[in-house]
Number of protein chains: 2
Amino acid sequence: MGTHHQGSETEIAALDAYLKLMRAAESVTARAHVALPPGLTLTQFAALEALLHCGPLFQSELATKLLKSGGNLTLVVANLERDGLVTRERTAADRRFVKVALTPKGRRYIGTLFPKIAASLTREFSVLTPREQTALARLCKRVGLGRPAYATS
Amino acid sequence: MGTHHQGSETEIAALDAYLKLMRAAESVTARAHVALPPGLTLTQFAALEALLHCGPLFQSELATKLLKSGGNLTLVVANLERDGLVTRERTAADRRFVKVALTPKGRRYIGTLFPKIAASLTREFSVLTPREQTALARLCKRVGLGRPAYATS
DNA sequence: TCCCGATAATTTGACATCAAAACATCCCCT
DNA sequence: AGGGGATGTTTTGATGTCAAATTATCGGGA
């Protein structure tokens, strides 16, 4: 939303906040992206990171954690499997579920990569003081959670 | 980034802020997306909105404003043209440039749609007080701009 | 005038993304 | 035992997205 819209004070404030929120997210994402080795996408990284810190997960759990659709995860995990970074296995108990786990190669890969990305993001956010980072996180959390459905006021 | 990572205090704070920033952006985007008429994507909306509030633009200007690649805009604008919402015309002075403009249909369309989306976003951000919205915008702006390249400290 | 570098757009190939339809399985209920 | 609904995954079709290669055009300098 540019600066050319005429509306009420509250509307302008909300649109301004929205615009800057999106720009910040896109900018940080773009800068984090260039820190990734060529060939590894952001979603692939996020999936590997989840597996590293949570252990093997069902594909549906992965989709929920990454806020992505199930169909999407099918492709992302398939590409990771193709690259030898994860394994997929139908569970014996319920053959509908697919358990995704890191291979040794995948574990080494994300294990060395994650600290670098974490350091990179830490550097990005160092433009804010620790107190400001906390404030930003708190505000973003409330926006992310949204207004409860029953609070219609 | 889950809660399972062990790192320094500053690293954890930065990753937490990053996670919540991204979640907020994704959540608001998702909720704004459902408010769009089926068939119109977020990028298409953003392009039409820019044209409504800025007037006809070169395709390259549009790409810069939307923070998207040139190749991407070629496709997005082509789809809008196919739907009869914009026109594309090579400028006579310099035939490399393509001027994109709203058609009357496109103007009516975005003209009635934008206020609805603006109201929807205003509602989203009403979980924050005006003062909090300003604070969020200010913090996001600094994160979005990033650390100047010469400030290597 | 002609060549060459710069710039705008398009094309290409790979991946992401969703919604919806199709499959595969499971499990409850009769 | 069997039908039917629920659930996880996969497929399909359309769009978005980028980087890199290509094309078209322009402008300045030899």
Side-chain angles (χ1 to χ4, degrees), chain A residues 22 25-27 29-48 50 56-83 85-101, chain B residues 22 25-27 29-48 50 56-83 85-101:
Chain A
M22 298 306 292
E26 284 166 14
S27 295
T29 298
R31 291 196 284 265
H33 206 287
V34 302
L36 291 177
L40 191 72
T41 69
L42 206 51
T43 303
Q44 288 175 339
F45 170 80
L48 293 178
L57 294 170
F58 297 122
Q59 214 168 272
S60 47
E61 293 178 308
L62 216 37
T64 301
K65 276 188 186 299
L66 306 186
L67 299 177
K68 297 293 159 65
S69 70
N72 186 5
L73 259 287
T74 293
L75 177 64
V76 171
V77 172
N79 286 338
L80 290 174
E81 185 184 36
R82 175 204 57 195
D83 298 341
L85 299 174
V86 305
T87 57
R88 275 199 289 188
E89 193 181 4
R90 296 263 173 194
T91 60
D94 187 333
R95 294 190 43 73
R96 290 172 299 179
F97 287 76
V98 172
K99 187 74 120 180
V100 184
Chain B
M22 298 306 292
E26 284 167 12
S27 295
T29 297
R31 291 196 286 265
H33 207 289
V34 302
L36 291 177
L40 191 74
T41 70
L42 207 52
T43 302
Q44 289 174 336
F45 171 80
L48 293 178
L57 294 170
F58 297 122
Q59 214 168 275
S60 48
E61 293 178 309
L62 216 37
T64 301
K65 275 189 187 297
L66 305 185
L67 299 177
K68 299 294 161 63
S69 70
N72 186 5
L73 258 288
T74 293
L75 177 63
V76 171
V77 172
N79 286 338
L80 290 174
E81 185 184 38
R82 176 204 57 195
D83 298 342
L85 299 174
V86 305
T87 58
R88 274 198 289 190
E89 192 181 5
R90 295 267 172 192
T91 61
D94 189 333
R95 294 190 46 71
R96 289 172 300 179
F97 288 76
V98 172
K99 187 75 117 179
V100 184

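Being a predicted model, the structure only gives us computed values, none of them experimental. Every chain is numbered from 1 and lettered A, B, ... according to where its sequence line falls, protein lines coming before strand lines. Basis for what follows: all heavy atoms, side chains included, without hydrogens, waters or symmetry-related copies.
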Nearest-0.5 Å distance, [atom1] of residue [X] to [atom2] of residue [Y]:
X     : Y     : atom1 : atom2 : result
A:N79 : A:T74 : CG    : OG1   : 11.0 Å
A:K68 : A:T43 : NZ    : OG1   : 4.0 Å
A:L67 : B:M22 : CG    : CE    : 10.5 Å

Is it true that a side-chain atom of A:D83 and a backbone atom of A:L85 form a donor plus acceptor pair closer than 3.5 Å? no
Would you check if the side chain of B:R88 reaches a backbone N or O of B:K99 as a donor-acceptor pair within less than 3.5 Å? no
Check whether any side-chain heavy atom of A:T29 sits under 4.5 Å from a side-chain heavy atom of A:E26, and report yes or no. no
With a 4.5 Å limit on heavy-atom distance, are the side chains of B:V86 and B:L48 in contact? yes
Tell me the bend of the helix from C:dT1-D:dA30 to C:dT30-D:dA1 as the angle between end helix axes, each from five pairs, rounded to the nearest 10 degrees. 20°
Which atoms form the tightest heavy-atom contact between [X] and [Y], and what is the distance?
X     : Y     : answer
A:L36 : A:L40 : CD1-O, 3.6 Å
A:S69 : A:A63 : O-CB, 4.2 Å
B:L62 : B:A50 : CD1-CB, 3.8 Å
B:T41 : B:H33 : CA-NE2, 4.5 Å

Would you tabulate the pairs of protein nitrogen or oxygen atoms and nucleotide nitrogen or oxygen atoms of nucleotides 16-18 of chain D closer than 3.5 angstrom?
residue : atom : partner : partner atom : Å
D:dG16  : OP1  : B:T41   : OG1          : 2.9
D:dG16  : OP1  : B:Q44   : NE2          : 3.4
D:dG16  : OP2  : B:N79   : ND2          : 2.8
D:dG16  : O3'  : B:T43   : OG1          : 3.4
D:dT17  : OP1  : B:T43   : OG1          : 3.0
D:dT17  : OP1  : B:K68   : NZ           : 2.8
D:dT17  : OP2  : B:T43   : OG1          : 2.7
D:dT17  : OP2  : B:N72   : ND2          : 3.0
D:dT17  : O5'  : B:N72   : ND2          : 2.9
D:dC18  : OP2  : B:S69   : N            : 2.8
D:dC18  : OP2  : B:S69   : OG           : 3.0
D:dC18  : OP2  : B:N72   : ND2          : 3.3

Quick one: is C:dT10 close enough that its OP1 or OP2 comes under 4.0 Å of any side-chain N or O from B:R88? yes
So does B:R82 get a side-chain nitrogen or oxygen closer than 4.0 Å to the phosphate oxygens (OP1/OP2) of D:dT15? yes
For the pair made of [atom1] in [X] and [atom2] in [N], what is the distance, rounded to whole Å?
X     : N      : atom1 : atom2 : answer
B:E61 : C:dA9  : CD    : C1'   : 14 Å
B:L62 : C:dT10 : CG    : C1'   : 16 Å
B:R95 : D:dA24 : CZ    : C1'   : 9 Å
B:D94 : D:dG27 : CG    : C1'   : 10 Å
B:L40 : C:dA19 : CG    : P     : 15 Å
A:L85 : C:dC15 : CG    : P     : 13 Å
A:L73 : C:dC15 : CG    : P     : 16 Å
B:H33 : D:dA14 : NE2   : C1'   : 12 Å

Scan nucleotides 5-8 of chain D against the protein and return all N/O pairs shorter than 3.5 Å with their distances rounded to 0.1 Å.
residue : atom : partner : partner atom : Å
D:dT7   : O2   : A:R96   : NH1          : 3.1

